[in-house]
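Worksheet for the structure shown next.
Note on naming: letters A, B, ... go to the chains in the order of the sequence lines (proteins, then strands), and numbering restarts at 1 for each one.
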Amino acid sequence: MTTLRLMPPRDYRLARDVCSYGYFLLSPNRWTIHEHTLTRALLLGGKPAGVAISQPGAEPMSGGGTELLCRFDRALTKQEIADARIQITRMLRLDEDAAHIRSFHRVDPRWKKLGRGRLFRSPTLFEDVLKTVTSCNVTWPGTVHMNRRLVEVLGKQSPGGLKTFPDPKTIADASPLLLRERCRVGYRDKRIVELGAIFASGDAAITKIEDPATSDDDLHEILLALPGVGPYAAANIMQLLGRYSRLPLDTESVRHGRTILGFRGGSKQIMLRVKRHFEPFGDQAFRSYWFEMWHHYESIHGPAHTWDRDATGTAFTAAKLNAAIKKLGEKTKERKASQASKRAKTAKANLGSAGSSA
DNA sequence: GGTAGACCTGGACGC
DNA sequence: GCGTCCAGGTCTACC
């Protein structure tokens with residue numbers, strides 16, 4: 001058994017920074033709400049290894065950033081340790097240091113006190129792309145179910161019994177029928193197989209996606225050319241790559257625009273208004289937008305680090321969210337709408353002074 | 001360039 | 001328990 005110790009940025013809080021984006025609730029990820037531990041399997045050099053990541057002594061939302069303990073369910077080679085380090089760093093966004101987060105807080109100071117800034121993602125780009133595609137045109141429980149089935153049917157099992165997210169080649173070699181019938185991905189079957197083939201082939205476009213030198217516009221075009229990726233998915237994959245200038249606008253954006261920002265009109269009009277509302281946040285627009293929504297979810301369901309994966313699957317349906325929002329009442333809505341307008345103006349002013357360091 | 005309709009699945013709801 | 005309706009973003013055909 002190997003134990004890897006990682007020193008995260010000094011403001012890092014595992015519970016807060018893992019439970020910051022919905023993917024922490026998707027298989028193979030499992031957050032244990034009592035132990036504050038993230039458990040999953042990683043594919044290291046083609047071989048599965050289970051890992052449990054914890055941060056002993058850390059408070060969920062405050063206190064000093066302490067060492068991360070990564071306990072594997074088998075012994076790792078030197079090369080596998082190096083690979084694990086890369087994947088965990090990507091997943092937890094350990095590469096976004098305290099100065100990086102501060103540059104976001106200068107643009108949107110609302111999240112400074114909570115320290116919000118990092119968004120959980122997957123250990124690989126491929127998993128992020130597939131998770132995004134399985135979140136399109138489906139309600140949240142459907143996304144939860146598809147990811148669970150993909151892992152159960154096509155994942156590789158670690159010595160400790162944990163299964164990995166399927167790798168590109170496994171997906172490329174799978175039949176669309178198997179994906180449809182056993183993983184319940186529906187009409188996405190062929191697109192998912194095509195994505196597997198593109199990633200497995202080492203296509204030049206994939207290299208450009210992760211290249212920081214690729215401009216946001218070029219990246220957006222490359223992503224739109226991927227099967228199953230439209231404007232929403234492209235913008236979402238961009239934020240997962242640390243490009244926060246675009247908003248993945250969907251029905252949640254419309255709900256947020258209507259209920260929190262107090263916008264009126266048809267869905268298209270509201271999406272446009274939400275986009276314009278966050279434009280003053282510039283290349284931090286997504287984080288401002290996301291943490292505003294996330295904060296709202298937490299006001300309904302409690303702190304994200306207390307959400308149970310299985311219960312959340314059914315709690316996050318449109319009907320239940322709408323009911324909960326209604327319950328929260330008009331009062332909050334009016335107060336926040338007025339605050340939101342003030343904030344956008346402040347952000348516009350702050351962006352001028354912080355933009356160069358962001 | 002813009003728009004309508006098909007694509008699937010699972011939750012919600014009525015009976 | 002069963003049938004029906006609805007939510008959800010992308011893709012393709014058509015104007």
Side-chain angles (χ1 to χ4, degrees), chain A residues 21-23 25-27 126-154 171 174-199 205 209 217 219-240 246-259 265-272 274-275 286 289-290 293 296-297 300-301 307-327:
Chain A
Y21 192 67
Y23 289 5
L25 295 161
L26 297 180
S27 288
F126 179 66
E127 187 177 328
D128 270 342
V129 170
L130 249 60
K131 280 188 159 46
T132 300
V133 169
T134 57
S135 72
C136 291
N137 197 31
V138 68
T139 52
W140 180 248
T143 304
V144 172
H145 193 215
M146 276 185 243
N147 278 273
R148 182 179 298 148
R149 297 299 298 155
L150 281 169
V151 170
E152 281 174 2
V153 174
L154 295 167
I171 294 277
S175 76
L177 194 66
L178 174 99
L179 288 175
R180 182 182 288 241
E181 293 195 339
R182 295 199 57 207
C183 304
R184 313 303 293 165
V185 301
Y187 65 89
R188 301 164 193 79
D189 55 356
K190 288 191 188 77
R191 296 172 195 173
I192 289 175
V193 171
E194 282 175 43
L195 280 169
I198 291 169
F199 275 78
I209 290 174
D217 287 345
L219 176 58
H220 194 242
E221 288 306 309
I222 295 169
L223 291 171
L224 284 177
L226 292 176
V229 176
Y232 162 81
N236 195 56
I237 296 167
M238 284 183 73
Q239 70 83 6
L240 291 163
R246 292 169 195 252
L247 301 188
L249 295 166
D250 62 357
T251 49
E252 274 304 291
S253 321
V254 175
R255 195 191 343 261
H256 188 74
R258 281 209 179 101
T259 59
S267 294
K268 271 192 174 177
Q269 286 173 299
I270 291 179
M271 276 196 195
L272 196 63
V274 170
K275 182 174 175 278
F286 177 77
Y289 159 82
W290 181 257
M293 289 219 298
H296 179 56
Y297 294 154
I300 296 170
H301 298 286
W307 297 351
D308 176 71
R309 182 175 80 176
D310 301 324
T312 310
T314 51
F316 276 64
T317 61
K320 287 191 180 172
L321 268 176
N322 282 333
I325 287 164
K326 220 174 182 180
K327 214 174 167 184

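- A:H256 is linked by a side chain to side chain donor-acceptor pair (under 3.5 Å) to A:E292, counting only residues two or more places apart in sequence or in another chain.
- Residues passing the salt bridge (Lys or Arg N to Asp or Glu O under 4.0 Å) test with A:E152 are A:R149, sequence neighbours excluded.
- Contact annotation: the side chain of A:K268 never approaches that of A:L272 to less than 4.5 Å [non-hydrogen atoms, C-beta and beyond].
- Residues passing the side-chain contact (heavy atoms from CB on, under 4.5 Å) test with A:A205 are A:D203, A:I222, sequence neighbours excluded.
- Between A:V133 and A:V185 there is no side-chain heavy-atom pair separated by less than 4.5 Å.
- Counting heavy atoms from C-beta outward, A:L195 and A:I171 have side chains that stay 4.5 Å or more apart.
- A 4.5 Å side-chain heavy-atom check between A:V254 and A:L249 finds every atom pair outside the cut-off.
- Counting only residues at least two apart or on different chains, the salt bridge (charged side-chain N to carboxylate O under 4.0 Å, His left out) pairs with a member in residues 183-195 of chain A are A:R180-A:D189.
- Proximity of residues 226-240 of chain A to DNA chain B (heavy atom under 4.0 angstrom from any strand atom) is not detected for any residue.
- Remark: A:S253 engages A:D250, A:Y289 in a side chain to side chain donor-acceptor pair (under 3.5 Å) (not counting sequence neighbours).
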Distances for protein N/O vs nucleotides 1-3 of chain B N/O pairs under 3.5 angstrom?
| unit_1 | atom_1 | unit_2 | atom_2 | d |
| --- | --- | --- | --- | --- |
| B:dT3 | OP2 | A:K268 | NZ | 3.2 |

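- In this structure, A:M146 atom CE and C:dT10 atom P are separated by 13 Å, rounded to whole Å.
- Checking the phosphate oxygens (OP1, OP2) of C:dG9, a side-chain nitrogen or oxygen of A:T251 falls inside 4.0 Å.
- Look at NZ on A:K190: it is 15 Å from C1' on C:dT10, rounded to the nearest Å.
- Sorted by first and then second residue, the salt bridge (charged side-chain N to carboxylate O under 4.0 Å, His left out) pairs involving residues 129-147 of chain A (not counting sequence neighbours) are A:E127-A:K131.
- Spacing between atom CD1 of A:I192 and atom P of B:dC7 amounts to 18 Å, rounded to whole angstrom units.
- Rounded to 10 degrees, the angle separating the terminal axes of the helix from B:dG1-C:dC15 to B:dC15-C:dG1 is 30°, with each axis obtained from five end pairs.
- Partners of A:T251 by side-chain contact (heavy atoms from CB on, under 4.5 Å), not counting sequence neighbours: none found.
- By the 4.5 Å heavy-atom criterion applied to side chains, A:W140 and A:L26 are counted as neighbours.
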Could you run down the sub-3.5 Å N/O contacts of the protein with nucleotides 8-10 of chain B?
| unit_1 | atom_1 | unit_2 | atom_2 | d |
| --- | --- | --- | --- | --- |
| B:dC8 | OP1 | A:R180 | NH1 | 3.1 |
| B:dC8 | OP1 | A:R180 | NH2 | 2.6 |
| B:dC8 | O5' | A:R180 | NH1 | 3.3 |
| B:dG10 | OP1 | A:H145 | ND1 | 2.8 |
| B:dG10 | OP2 | A:R184 | NH2 | 3.4 |

Mind listing the side-chain donor-acceptor pairs of residues 225-236 of chain A below 3.5 Å, one per line with the distance, residues two or more places apart or on another chain?
| unit_1 | atom_1 | unit_2 | atom_2 | d |
| --- | --- | --- | --- | --- |
| A:N236 | OD1 | A:Y21 | OH | 2.8 |
| A:N236 | OD1 | A:Q239 | NE2 | 3.3 |
| A:N236 | ND2 | A:Y21 | OH | 3.3 |
| A:N236 | ND2 | A:Y23 | OH | 3.2 |
| A:N236 | ND2 | A:T132 | OG1 | 3.3 |

